[in-house]
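Chain naming here is simple, since letters A, B, ... match the order of the sequence lines and numbering starts at 1 in each.
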Protein chains: 2
Amino acid sequence: MKVTARLIERLSTYRRNLQRQIPGAKTRIYSHELAALVGETPALVRRDLMTIGFTGSPAHGYDVPGLIAKIAELLDPPGGAGIALVGVGALGRAILRYFHRVHPEFRFVAAFDTSPDKVGQVFDGCPCHALDDMEATLRQKLIAFGVIAVPADAAQVVATRLVRNGVRALLNFTPERLQMPPGAYVEDVDLAASLEKVVFFGRLGATHAACPGADMAGPESCAANQDAYASDLPSANS
Amino acid sequence: MKVTARLIERLSTYRRNLQRQIPGAKTRIYSHELAALVGETPALVRRDLMTIGFTGSPAHGYDVPGLIAKIAELLDPPGGAGIALVGVGALGRAILRYFHRVHPEFRFVAAFDTSPDKVGQVFDGCPCHALDDMEATLRQKLIAFGVIAVPADAAQVVATRLVRNGVRALLNFTPERLQMPPGAYVEDVDLAASLEKVVFFGRLGATHAACPGADMAGPESCAANQDAYASDLPSANS
DNA sequence: GTCACGCTGTGAACTCATTCACAGTATAGC
DNA sequence: GCTATACTGTGAATGAGTTCACAGCGTGAC
Ligand SMILES: NC(=O)c1ccc[n+]([C@@H]2O[C@H](COP(=O)([O-])OP(=O)(O)OC[C@H]3O[C@@H](n4cnc5c(N)ncnc54)[C@H](O)[C@@H]3O)[C@@H](O)[C@H]2O)c1
Ligand SMILES: NC(=O)c1ccc[n+]([C@@H]2O[C@H](COP(=O)([O-])OP(=O)(O)OC[C@H]3O[C@@H](n4cnc5c(N)ncnc54)[C@H](O)[C@@H]3O)[C@@H](O)[C@H]2O)c1
């Protein structure tokens, strides 16, 4: 099974969108329905499910609970993921709050910050420690994943320290490119670059009347699965 | 010139990393230096600069201020971008704060929220309006870009309303896949999927000893530009 | 019971992105 | 001045990722 980062990303959205359906409304789903739900092509959906060895029937499509289970088996770590947050600033707190409320399966079990205001407090169930306690806490709670939401200049130091103490993968919100030992995984989220794309392609849209014109095409630019747009206000669906 | 979303993303990080250098320290840079800075290959950097028609010299590499200017000319809208934020929650406020402080070139000129607590307040220079004022405000301030940070069920309605009133591109933090008219651009930021990738590849790293093993490879997994890692604590560089 | 339909599973084709590899060239050192 | 060097610019090769297109099949209609 050839597992790429994009496949994992799509599996994650397949699952999330399946779970968002009215529970029990559909226990079976066709590739083209799931595709519409997540904004992909039916062929890609079938290919992905084939890749993970999940098989449907031509008559009824794919079994929804079964698919969710299969994806869970693949993505969810057996013991549940213990995650550490470093930098309990505006962004860090938003993340703690959101995941605590809507995705408790991601267990943020420790936070770290330099600010004495934050240390000792508990944010959405996640206790904030001083940096000095990092080593002990990481090892004691067997934390394997980290989220970096500190100012850019602190990112590399913090990352190194995490990885030295058992953390094997990071989500990095900083524009800094982190140097990691081989084997460690870093997922960068660069919001400035994302906004820059929005501005660029939005501007193009204006100039060229439409993005599909001659020479430009973002991957999901012109997202429009046009079918549903003749109607007027596609009021909050799904 | 063939412009893809990935190119824009890289140009954005090229520029940001060039600007982060001690100003004036280097006025020239080689492709391999810039590549190391952003974690890409030298060949790709050269190809990108070629694509945007920026040319260097074999003797001294590329002119840094010139390159920054060239990228700005390409990415920055002439009048400055007017951006609207919808949903002044935890995430929305983090975004307003961050961009106001560190990237004021992205001008958040209006925010919208349903909560009476928020309406009328100013967040980091950005006034929060009631939803009823959306049409008027968008048109009056000629807002062409939007950021969606409302709960998922409100996302489609809000997006449609924005696009109906002149907004041409959106940054969407919601897991909802937005239906857009052709020509509009949507950039999705799916933090849950990103975290899921971190957990998956971090776990693999453990099992398989290292990611480059047999059959897996995330795009920037094993980010390690190993060169610099023999040394110990790569203390916050650049 | 038989037929037509519409879907899955999948090899092959294709498209897009990245890397290779090298010719061309400006400098630094001698 | 001449040579060795180390880089850029770029066509061509490679590689990933996606889509095409169709054989095979279970089901519902009649
Ligand atoms: N907020 C955003 O929208 C946004 C967007 C893009 C990038 N980022 C990145 O995320 C980072 C955090 O953003 P924010 O808005 O939460 O900033 P913030 O200033 O609100 O939070 C930073 C937090 O990190 C803590 N901190 C500082 N140095 C530390 C260290 N060495 N170790 C541990 N904690 C430390 C501070 O006490 C503070 O609580 C930013 O610096 C930026 O690089 C944020
Ligand atoms: N915070 C995160 O880390 C995170 C992570 C992933 C996704 N998201 C997405 O971003 C959204 C916002 O996250 P948050 O943490 O800021 O949530 P939040 O609850 O703090 O903020 C939501 C804000 O939207 C406002 N709102 C609600 N309905 C609205 C409407 N119809 N029009 C305008 N405003 C409306 C609310 O008043 C509130 O201020 C989430 O719902 C989620 O879909 C957030």
Chemist: Rounding to an integer number of Å, can you tell me how far B/Leu34 CG sits from D/dG9 P?
Modeler: 13 Å
Chemist: Expressed as a whole number of angstroms, how long is the span from A/Glu40:CD to D/dT18:C1'?
Modeler: 10 Å
Chemist: Rounded to the Å, how far apart are B/His32 NE2 and C/dT19 C1'?
Modeler: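 Rounded to whole Å, this separation is 17 Å.
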Chemist: So, A/Glu187 side chain and B/Lys197 main chain: donor-acceptor pair closer than 3.5 Å or not?
Modeler: no
Chemist: Tell me whether the OP1 or OP2 atom of C/dT27 has a side-chain N or O from B/Ser57 closer than 4.0 Å.
Modeler: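 B/Ser57 to C/dT27 OP1/OP2: no side-chain N or O under 4.0 Å.
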Chemist: Check if the side chain of B/Arg47 and the base of D/dT10 share a donor-acceptor pair of N or O atoms closer than 3.5 Å.
Modeler: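 No, the side chain and the base share no sub-3.5 Å donor-acceptor pair.
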Chemist: Using a 4.5 Å cut-off on heavy atoms from C-beta on, say whether the side chain of B/Ile83 contacts that of A/Leu195.
Modeler: yes
Chemist: Does the plane of the ring in B/Phe106 sit parallel, tilted or perpendicular to the ring in B/Phe99? Use 30° and 60° as the thresholds.
Modeler: perpendicular
Chemist: When rounded to the nearest 0.5 angstrom, what distance separates CD in B/Glu73 from CD1 in B/Ile52?
Modeler: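 If we round to the nearest 0.5 Å, B/Glu73:CD and B/Ile52:CD1 are 9.0 Å apart.
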Chemist: Can you find a heavy atom in the side chain of A/His103 that is under 4.5 Å from one in the side chain of A/Tyr98?
Modeler: yes
Chemist: What's the CG-C1' distance between B/Asp48 and C/dA17, to the nearest Å?
Modeler: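 B/Asp48 atom CG is separated from C/dA17 atom C1' by 10 Å.
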Chemist: For the pair made of CG in B/Asp63 and C1' in D/dT8, what is the distance, rounded to whole Å?
Modeler: 15 Å
Chemist: Taking CD1 from A/Ile52 and P from C/dT10, how many angstroms apart are they, rounded to a whole number?
Modeler: 13 Å
Chemist: Give the nucleotide from the list D/dT18, C/dT27, C/dT10 with an atom nearest to the side chain of A/Arg6.
Modeler: D/dT18
Chemist: Could you give the CE-to-P distance, from A/Met50 to C/dG9, as a whole number of Å?
Modeler: 9 Å
Chemist: For A/Ala43 and A/Pro58, take the nucleotide of DNA chain C holding the closest heavy atom to each; which residue's nucleotide lies nearer the 5' end?
Modeler: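 Comparing both residues, the 5'-ward one is A/Pro58.
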Chemist: Just N and O in the side chain of A/Arg10: are any of them under 4.0 Å from OP1 or OP2 of D/dT18?
Modeler: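 Affirmative; the distance criterion is met.
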Chemist: Quick one: is B/Tyr30 getting a side-chain N or O under 4.0 Å of the D/dG9 phosphate, OP1 or OP2?
Modeler: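 Indeed not, no polar side-chain atom of B/Tyr30 lies that close.
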Chemist: Consider the side chain of B/Lys2, meaning its heavy atoms from C-beta on, and name the nucleotide among D/dG9, C/dA17, C/dT27 that approaches it most closely.
Modeler: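 Among D/dG9, C/dA17, C/dT27, the one nearest the side chain of B/Lys2 is C/dA17.
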Chemist: Would you mind reading off the distance between A/Arg46 atom CZ and C/dG6 atom C1', rounded to a whole angstrom?
Modeler: 11 Å
Chemist: Choose from C/dT8, D/dT10, C/dT19 the nucleotide whose nearest atom is closest to any side-chain atom of B/Leu44.
Modeler: C/dT19
Chemist: Taking for each residue the nucleotide of DNA chain D with the nearest heavy atom, is it A/Thr41 or B/Phe54 whose nucleotide lies nearer the 5' end?
Modeler: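 Residue closer to the 5' terminus by nearest nucleotide: B/Phe54.
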